[in-house]
Every structure is written in C-alpha cells, then in structure tokens.
K.L.:
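The structure follows.
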2 protein chains.
Amino acid sequence: MTAEALKGHLDGLLLAVLERGPAHGYALIEALRTSSGGTFDLPTGTVYPALRRLETAGLVASTWEKGDGRQRRTYELTGAGRRHLAQQRESWHQFSGAVTAVMDGGDITWRPST
Amino acid sequence: MTAEALKGHLDGLLLAVLERGPAHGYALIEALRTSSGGTFDLPTGTVYPALRRLETAGLVASTWEKGDGRQRRTYELTGAGRRHLAQQRESWHQFSGAVTAVMDGGDITWRPST
DNA sequence: TGACGACCAGTAGCATTGCTACGCATGACG
DNA sequence: CGTCATGCGTAGCAATGCTACTGGTCGTCA
C-alpha cells in the first residue's frame, strides 16, 4: 500500500466530495475518511495543497467563512469542476476496469462506453 | 487522463502479467496492452526501469535468453514476488473499492476481508 | 491559571514514480 | 542500402503526495 497509489486520483476524490456540497478542508478530510470506510486518512499537508491546485486550475472556488474567530476557507465546485469530475469518473471506471482485468485474470470484459 | 493515475499500480500489473509465466520486457508491454483492452500502452522507458526496480526489490528474477543474435532478458516471479502480488491484489481491491465508494456515492459497502 | 487536545489553515523540502527523448543493436524485407 | 519491427537501456524531467513543521482559536479539565 504504497502511498503513491493515490497519485492522480486525489483530485477526483476531492471533487466528488465537493459535489455533495461546499465544505472546508478539514471537513473534506473527515468526509473522505468516513466515506472511504477509513481507507483514506489524508494528512492536511496532502489536502490543502491539493485544494489550492484545484483552485488554481479553476475547478473549485473558495471563500473565507469566518464563524467568529475561527476562520475557515470553504470550497465549492465550479462549472469546470463539475465537468472535470464527470470526466474523472469516466477515467476512473476505465482505469479501474483495466487494472482489475489485468490483475484478476487474463480475460477482459471491456464494455465500450460509447 | 493524467498519466499519473498509474503511479503505484504499475508494479502490481507487471507482477500480475508475470504470474501467467515468464516473459521479457517487450512482451510484457504487449501483454499489458492487450489484456487491458488497449488502456495501457506503456513506453519502454516506463517498463524497463520498473522491471529493474522489481528485480532490485527481489520480486522478479531475470536471465539472459539468447535466441541467436537477439538477446532478451526474461523475467519471472520469485517467491517474494508472488507474495507481493497477492498483497498488491488485496490493496488494489481495497483501494478501488474505496475510490468507487467516494466517487459513485456517499454510501460505502465495505467488505471486511478478514 | 495553565496545559492539553480538537479544530483549522498553511508552507518547505523531500522521495518516488512514470514519461519523453534519446542511443544502440539485430533481423527481415523492399 | 534503407527502413521498420523487435529488443534493451539511460538521462533528465515534471508531477504529486507525504513528513514535519508553524501558527492560531476554542473548549475542557486539572
């Protein structure tokens, strides 16, 4: 379980969680942990930079939500983010299908999506 | 389509193909392409270094097979490789299950393997 | 009052990994 | 002879997530 397994998939995961509604970084970490059954327990140093990447890429937008003293930056999906997510989902299905095919046997049951 | 999606999963794929029997690098590339339905079309610069990594890690062993003039290095799984593969398979199932759970909905159906 | 932990955000530096772009060799085919 | 498929390999690069750290508010408990 090299931690590198996550590489390239984190963005999609974050976008998927944000699809349920706006959230701030800390909440995203917990959401990922719970909805992955404990598999994803990401450190802040992984998530925060990722969110900034996503924002730079225009896939999410952030706003400073100040409760009273505790400030939190709330992220939400943009239109581009939504589109990107759909595409990521498709990529994921293709990718995971291919890996499973190779891993679980030589035979492949490939469902052409188009 | 980020190529980074493969990161951390290549080893398992190579080991899985080698489980079917010994093969040399070039053949592995084609095997991966076909059994993944064309999804994995890896350049030699990806596969050869990976094989050397695996060999250094003791997961595969190589021998120079000289047909006549064309020399090819044939790889085969070691015991450790076989063990590692089993473990990789399990990791993959856990990982892919978790990603799919997050991607395709909030609910998770987690099957504890033990 | 003080200490500690949960909550919340962020950065610097690192290690790993796969990719691009090469070089080099043999054999077959025109 | 030129070119392509086969076959192995390396150098350098870019991307990404992780570790370890800083800094702050709030609540609780001794």
Side-chain angles (χ1 to χ4, degrees), chain A residues 1-15 22-34 36 39-57 59-60 62-75 88 91 95 98-99 102, chain B residues 1-15 22-34 36 39-57 59-60 62-75 88 91 95 98-99 102:
Chain A
M1 7 108 215
T2 54
E4 289 82 12
L6 194 57
K7 295 215 174 183
H9 305 286
L10 179 58
D11 295 12
L13 292 174
L14 291 173
L15 294 176
H24 58 280
Y26 206 82
L28 281 170
I29 293 176
E30 299 208 323
L32 275 177
R33 180 168 45 224
T34 50
S36 74
T39 298
F40 299 135
D41 194 1
L42 309 177
T44 67
T46 291
V47 173
Y48 290 123
L51 286 171
R52 315 194 105 241
R53 268 202 303 269
L54 291 175
E55 187 167 25
T56 303
L59 304 179
V60 301
S62 72
T63 39
W64 273 108
E65 209 96 355
K66 45 187 68 170
D68 350 38
R70 195 166 286 167
Q71 298 208 312
R72 46 175 76 167
R73 185 181 285 248
T74 304
Y75 291 90
Q88 283 279 111
S91 290
F95 174 76
V99 174
V102 175
Chain B
M1 260 313 98
T2 54
E4 289 83 11
L6 195 58
K7 295 215 173 183
H9 306 286
L10 179 60
D11 294 12
L13 292 173
L14 291 173
L15 294 176
H24 58 282
Y26 207 83
L28 281 171
I29 293 176
E30 299 209 322
L32 275 177
R33 180 168 46 224
T34 50
S36 73
T39 298
F40 300 134
D41 195 359
L42 309 177
T44 67
T46 291
V47 173
Y48 289 124
L51 286 171
R52 314 194 105 238
R53 270 202 302 267
L54 291 174
E55 186 167 26
T56 304
L59 305 178
V60 302
S62 72
T63 37
W64 274 109
E65 210 96 354
K66 45 187 72 173
D68 352 36
R70 193 165 291 169
Q71 299 208 313
R72 44 174 78 166
R73 184 182 285 247
T74 304
Y75 291 90
Q88 284 279 111
S91 291
F95 174 76
V99 174
V102 174

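Just so you know, these numbers come straight off a predicted model, no measurement behind them. In the text below, chain A, chain B and the rest are named by the order of the sequence lines, each starting its count at 1.
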K.L.:
Expressed as a whole number of angstroms, how long is the span from Gln71(B):CD to dG27(C):P?
P.N.:
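So the CD-P distance, Gln71(B) to dG27(C), works out to 10 Å.
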K.L.:
What's the closest nucleotide to the Glu4(A) side chain, out of dT16(C), dC8(C), dT11(C)?
P.N.:
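Given the options dT16(C), dC8(C), dT11(C), the side chain of Glu4(A) is closest to dT16(C).
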K.L.:
Tyr48(B) OH to dA11(D) P: how many Å, rounded?
P.N.:
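Tyr48(B) atom OH is separated from dA11(D) atom P by 17 Å.
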K.L.:
Side chain of Pro43(A): nearest nucleotide among dT19(D), dG9(D), dT6(D)?
P.N.:
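Of the options given, the side chain of Pro43(A) lies nearest dT19(D).
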K.L.:
Grab the CZ-P distance between Arg52(B) and dT10(D) for me, whole Å please.
P.N.:
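Distance check: Arg52(B) CZ to dT10(D) P gives 4 Å.
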K.L.:
Which nucleotide, dA6(C), dT6(D), dG17(D), lies nearest any side-chain atom of Tyr26(B)?
P.N.:
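In terms of side-chain proximity for Tyr26(B), the closest of dA6(C), dT6(D), dG17(D) is dT6(D).
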K.L.:
Given dT10(D), dG18(C), dC8(D), identify the nucleotide with an atom nearest to the side chain of Pro49(B).
P.N.:
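For Pro49(B), the side-chain atoms sit closest to dT10(D).
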K.L.:
What nucleotide among dC8(C), dG7(D), dT17(C) has an atom nearest to a side-chain atom of Arg53(B)?
P.N.:
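That would be dT17(C).
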K.L.:
Below 4.0 angstrom from OP1 or OP2 of dG7(D), is there any side-chain N or O of Arg72(B)?
P.N.:
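So the side-chain polar atoms of Arg72(B) do come within 4.0 Å of the phosphate oxygens OP1 or OP2 of dG7(D), strictly under.
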K.L.:
Classify Gly25(B) by what it touches in the nucleic acid, base, sugar-phosphate, or nothing, heavy-atom distance under 4.0 Å.
P.N.:
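The residue Gly25(B) makes sugar-phosphate contact but no base contact.
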K.L.:
Without decimals, in angstroms, what is the distance between Arg73(B) CZ and dT26(C) P?
P.N.:
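Arg73(B) atom CZ is separated from dT26(C) atom P by 17 Å.
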K.L.:
Do the non-hydrogen side-chain atoms of His9(A) and Phe95(B) ever get within less than 4.5 Å of each other?
P.N.:
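A side-chain contact under 4.5 Å exists here.
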K.L.:
Can you check the Asp11(A) CG to dA15(D) P distance for me, whole Å?
P.N.:
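Spelled out: CG on Asp11(A) to P on dA15(D) is 13 Å.
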K.L.:
Pick the closest DNA chain C nucleotide for Trp64(A) and for Gly45(B) by heavy atoms, then say which residue is nearer the 5' end.
P.N.:
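Its nearest nucleotide being more 5', the pick is Trp64(A).
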K.L.:
Contact between Leu51(A) and Leu28(A) at the side-chain level, heavy atoms closer than 4.5 Å - yes or no?
P.N.:
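Side chain of Leu51(A) against side chain of Leu28(A), heavy atoms only: contact under 4.5 Å found.
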K.L.:
Would you mind checking if Glu4(B) and Lys7(B) are paired as a salt bridge, meaning a charged N to carboxylate O distance below 4.0 Å?
P.N.:
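No, this pair does not count.
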K.L.:
Without decimals, in angstroms, what is the distance between Leu51(A) CG and dG17(D) P?
P.N.:
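Rounded to the whole Å, the gap is 11 Å.
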K.L.:
Going through the distances and angles, do Glu55(B) and Arg73(B) end up as a salt bridge (Lys or Arg N to Asp or Glu O under 4.0 Å)?
P.N.:
CA-CA 12 Å; Glu55(B) 186 167 26; Arg73(B) 184 182 285 247; 3.8 Å; yes
K.L.:
Going by heavy atoms in the side chains, are Phe40(B) and Leu10(B) under 4.5 Å from each other?
P.N.:
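Not touching, per the 4.5 Å side-chain cut-off.
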K.L.:
May I have the distance from His24(B) (atom NE2) to dG9(D) (atom C1'), rounded to whole angstrom?
P.N.:
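Those two atoms, NE2 and C1', are 15 Å apart.
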K.L.:
Which comes earlier along DNA chain D counting from the 5' end, the contact point of Glu30(B) or that of Thr44(B), where each point is its nearest nucleotide?
P.N.:
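Its nearest nucleotide being more 5', the pick is Glu30(B).
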K.L.:
Rounding to a whole Å, what distance do you find between Lys7(A):NZ and dA14(D):P?
P.N.:
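Roughly 15 Å, once rounded to whole Å.
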K.L.:
From the list dC7(C), dG9(D), dG18(C), which nucleotide is the closest neighbour of the side chain of Tyr75(B)?
P.N.:
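From the listed options, dG9(D) comes nearest.
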